[in-house]
2 protein chains.
Amino acid sequence: MLKYQQIAEEIETYIEEHELQQGDKLPVLATLMDQFEASKSTVTKSLDLLEKKGVIFQVRGSGIFVRRQKRKGYISLLSNQGFKKDLDEFQLTSDVIELDIRKPTAEAARNLNLEVDDKVYYVKRVRYINGETLCLEESFFNKAYVTYLNREIVSESIFHYIQEGLGLKIGFSDMYLHVDRLTEEEAGYLGLEAGAPKLDVETVFHLTNGQPFDFSVVTYNYEQSQFFLQANSHFQ
Amino acid sequence: MLKYQQIAEEIETYIEEHELQQGDKLPVLATLMDQFEASKSTVTKSLDLLEKKGVIFQVRGSGIFVRRQKRKGYISLLSNQGFKKDLDEFQLTSDVIELDIRKPTAEAARNLNLEVDDKVYYVKRVRYINGETLCLEESFFNKAYVTYLNREIVSESIFHYIQEGLGLKIGFSDMYLHVDRLTEEEAGYLGLEAGAPKLDVETVFHLTNGQPFDFSVVTYNYEQSQFFLQANSHFQ
DNA sequence: CAGTGGTCTAGACCACTAT
DNA sequence: TAGTGGTCTAGACCACTGG
């Protein structure tokens with residue numbers, strides 16, 4: 001593990017273990033440099049990483065402060081690849097409805113830069129949180145990259161397998177959100193009535209080399225889904 | 001303007017003017033260093049900024065590539081403070097329903113770290129896109145920071161005024177999303193029927209020093225609202 | 001004005017990609 | 001194995017905050 005990642009991890013662990021709250025001050029840069037035996041740039045890089053993750057904020061001339069999530073039970077929109085990270089406290093399970101190799105739909109082909117007669121793994125799952133339906137998920141994996149899947153893998157964390165088992169490196173993703181009404185079929189899977197509100201999240205996942213490898217459409221049960229998102233002004 | 005921001009801006013402009021597409025290769029680091037007469041660290045910092053904004057992606061051992069948004073007409077969830085940036089092509093207008101100084105609701109007080117008998121500016125607006133209702137917006141501004149507002153300011157971009165007119169520096173924000181059904185009142189403002197789907201986005205905006213100054217609840221017309229979001233694996 | 005974070009440089013060395 | 005991006009350092013100097 002890289003030095004700056006290591007430092008970031010230790011600072012984050014420190015914040016969690018000492019249950020520091022929003023606004024609590026961390027040691028000054030010079031102290032951190034001493035403590036971690038690292039240069040200013042390296043410590044700064046760690047802090048920038050934590051700032052990007054929404055863990056701290058830095059104020060020039062003043063100090064480094066803890067930034068804390070106040071509300072509980074929200075799903076992070078930016079780090080929900082398989083959830084694992086955010087919903088530790090919750091019981092997450094999956095029912096695999098379908099799993100096969102097929103040709104992509106026109107929409108999937110477009111999003112994955114495929115021809116309509118290329119091959120994809122198709123996965124359809126219903127995911128549960130504490131026994132309640134959370135979402136219906138349909139995924140198309142480019143078979144050129146995701147060379148193998150089976151029901152066991154798919155009932156656990158697909159992304160964990162893709163990274164550890166297949167050695168693929170995930171780079172970035174584009175997400176598209178729509179609010180609409182549930183169709184009959186979706187309502188059936190989610191145990192709601194047709195026409196009820198839903199949130200659709202379409203995501204195109206790319207490898208570090210920029211190749212799209214997974215197109216997913218996730219339909220959330222509006223009763224179970226609360227999302228949060230942390231933004232920095234640097235985006236403007 | 002800082003050197004690394006200047007460089008980032010020029011690269012972004014270059015991409016737009018030459019209409020570069022996803023995957024197109026940019027000059028190598030050494031060339032950029034020459035071209036902008038900057039050190040490796042400075043150019044790297046520019047590139048990291050652009051990567052964070054979703055404009056490019058970098059591949060070690062290979063090069064720097066353009067990352068492009070494929071779909072049009074989506075609102076960026078991460079840079080929609082007053083929209084201005086993303087929906088240039090669209091006609092955005094506002095109706096100011098209410099504007100006054102009052103005591104915050106319990107919820108607003110909690111999110112702004114205020115006492116219930118402190119003072120806030122309360123703003124209620126309906127926003128239109130190409131003449132169609134886009135959203136209903138209720139905002140509570142801590143009067144200790146946002147010392148003055150009037151109907152003219154509020155019918156234009158409040159955030160522009162806060163930064164340019166009042167000299168406040170915006171740091172970061174926490175956003176909370178919920179999907180639900182429209183109430184009678186909301187439906188009235190948005191020209192939809194009660195019970196139709198809606199997306200509520202609650203946002204707490206903070207200054208660079210970490211103080212929350214604005215709590216907003218925006219209720220989107222589901223027919224008009226499509227959102228997008230770009231994520232990096234660094235978040236995990 | 002002392003303390004603190006931010007920018008920028010030059011250069012050494014490392015890790016990955018493509019050929 | 002050449003080319004390319006990533007990490008890390010030491011140090012100079014700048015810009016903001018707060019007493």
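Side chains included, hydrogens not; waters and symmetry mates left out as well; all remaining heavy atoms used.
- The stretch residues 161-175 of chain A participates, sequence neighbours left out, in these salt bridge (Lys or Arg N to Asp or Glu O under 4.0 Å) pairs: A/D174-B/R67.
- The side-chain hydrogen bond (donor to acceptor under 3.5 Å, both in side chains) test applied to B/E107 returns no partner, not counting sequence neighbours.
- Atom CG in A/L26 sits roughly 14 Å away from atom C1' in C/dT4 (whole-Å rounding).
- Contacts of residues 2-10 of chain A with DNA chain C (heavy atom under 4.0 Å): none.
- Screening residues 13-29 of chain B for side-chain hydrogen bond (donor to acceptor under 3.5 Å, both in side chains), with sequence neighbours left out, gives no hits.
- Residues satisfying the salt bridge (charged side-chain N to carboxylate O under 4.0 Å, His left out) test with B/E138, not counting sequence neighbours, are none.
- Between A/T42 and the phosphate of D/dT9, there is a side-chain N or O to OP1/OP2 separation shorter than 4.0 Å.
- Residues passing the side-chain hydrogen bond (donor to acceptor under 3.5 Å, both in side chains) test with A/S216, sequence neighbours excluded: A/S139, A/D214.
- Put simply, CG on B/L50 is 14 Å from P on D/dG5, counting in whole angstrom units.
- Each end of the helix from C/dC1-D/dG18 to C/dA18-D/dT1 gets its own rotation axis from five pairs of C1' atoms, and the angle between them is 30° to the nearest 10 degrees.
- Using a 4.0 Å cutoff on non-hydrogen atoms, the parts of residues 29-38 of chain B near DNA chain C are B/E37, B/A38, ordered by number.
- Here the P atom of nucleotide D/dG5 and the CD atom of B/E51 are 12 Å apart, to the nearest Å.
- When the side-chain hydrogen bond (donor to acceptor under 3.5 Å, both in side chains) test is applied to A/E98, the partners found at least two apart in sequence or on another chain are A/R102.
- Among residue pairs with one or both ends in residues 34-48 of chain B, those qualifying as side-chain hydrogen bond (donor to acceptor under 3.5 Å, both in side chains) are B/S39-B/T42, B/D48-B/Q58; sequence neighbours excluded.
- The shortest distance between side-chain heavy atoms of A/N142 and A/D118 does not fall below 4.5 Å.
- In terms of modelled atom types and a separation under 3.5 Å, the side chain of A/R127 and the main chain of A/T93 share no donor-acceptor contact.
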### Query
Just by protein heavy atoms under 4.0 Å, how would nucleotides 13-19 of chain C read 5' to 3' in B, S and -?
--BBBS-

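- Under 4.0 Å is where a charged nitrogen must lie from a carboxylate oxygen, and between B/R151 and B/E156 no such pair does.
- Legend: residues meeting side-chain hydrogen bond (donor to acceptor under 3.5 Å, both in side chains) with A/Q6, ordered by chain and number and at least two apart, are A/E10.
- Side-chain contact between A/I15 and A/L26: present, with at least one pair of heavy atoms (C-beta onward) separated by less than 4.5 Å.
- Using a 4.0 Å heavy-atom distance criterion, A/I64 is classed as a sugar-phosphate-only contact.
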